[in-house]
Amino acid sequence: MTIFHFELCRNGERIGAIESRDCPDCGMAFRAARDMIRSYRDEDSLPNGARDHTLRVTYVDHSLLFDLPFDLRI
C-alpha cells in the first residue's frame with residue numbers, strides 16, 4: 001500500500017487538516033478523492049459552496065499527484 005495525503009484547498013491554499021490514507025494505487029487514490037468530494041458536497045459544509053475548492057492529492061513526500069476541482073461533477 002502507498003500512503004497518499006488529501007488536502008482540502010480553496011483558491012490553491014490548503015484549508016483544514018491533511019488526511020492520510022493507504023491506497024493500493026493511484027486509481028484507488030482517485031476514487032477515494034472522488035468519494036471525499038461527494039461527502040463534502042453532500043454535507044454542504046463548504047463556505048461559498050464548492051466554488052474555488054479543490055481536493056489536492058499528494059504522495060507521502062508531498063509531490064503532487066492531482067488536484068480535483070469540486071465542480072468537476074465526477
Side-chain angles (χ1 to χ4, degrees):
M1 293 276 219
T2 303
I3 296 174
F4 295 93
H5 297 295
F6 299 81
E7 305 172 35
L8 177 62
C9 299
R10 182 165 188 249
N11 294 322
E13 297 294 323
R14 182 170 56 90
I15 55 174
I18 297 173
E19 183 175 332
S20 300
R21 293 188 183 186
D22 286 332
C23 299
D25 55 36
C26 296
M28 291 304 289
F30 177 85
R31 289 183 187 104
R34 182 190 61 202
D35 292 344
M36 290 174 76
I37 287 172
R38 285 181 181 156
S39 292
Y40 277 118
R41 283 197 316 233
D42 289 347
E43 292 170 5
D44 198 30
S45 61
L46 298 173
N48 301 322
R51 186 175 180 204
D52 303 323
H53 286 82
T54 61
L55 190 65
R56 181 176 299 147
V57 181
T58 61
Y59 292 100
V60 71
D61 67 356
H62 297 284
S63 60
L64 182 64
L65 178 59
F66 52 81
D67 208 1
L68 288 178
F70 274 50
D71 59 359
L72 190 59
R73 297 291 178 193
I74 52 173

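M36 and L55 make their closest contact through CB-CD2, 3.8 Å (heavy atoms, listed as atom of the first residue, atom of the second, distance). Shortest non-hydrogen contact noted between F70 and T54 is CE1-C, 3.5 Å. Listed here is the closest heavy atom pair of P69 and I37: O-CD1, 4.3 Å. What you find for C9 and R14 is that their closest heavy atoms are SG-CA, 3.9 Å.
Both Y40 and I15 belong to a single network of hydrophobic side chains, linked directly or stepwise wherever heavy atoms of I, L, V, M, F, W or Y lie under 4.5 Å apart. A continuous path of Ile, Leu, Val, Met, Phe, Trp and Tyr side chains, each step under 4.5 Å between heavy atoms, connects F30 with L65, placing both in one hydrophobic cluster.
For the side-chain contact (heavy atoms from CB on, under 4.5 Å) with H62, the lone residue among L64, V60, T58 that qualifies is T58. If you run ring pair (Phe, Tyr, Trp, His ring centres under 6.0 Å) between Y59 and each of F4, F66, F6, only F4 comes through.
Under the 4.5 Å side-chain criterion, counting only non-hydrogen atoms from C-beta, C23 is not in contact with T2.
At distances below 3.5 Å, at least one donor-acceptor pair connects side-chain atoms of S39 with backbone N or O atoms of D35. R56 places no side-chain N or O within 3.5 Å of a backbone atom of H5 that could act as its donor or acceptor partner.
A distance of 12.5 Å separates CG in D52 from CD in E13, rounded to the nearest 0.5 Å. Taking CG of L8 as the reference point, atom NE2 of H53 lies at 5.5 Å (rounded to 0.5 Å).
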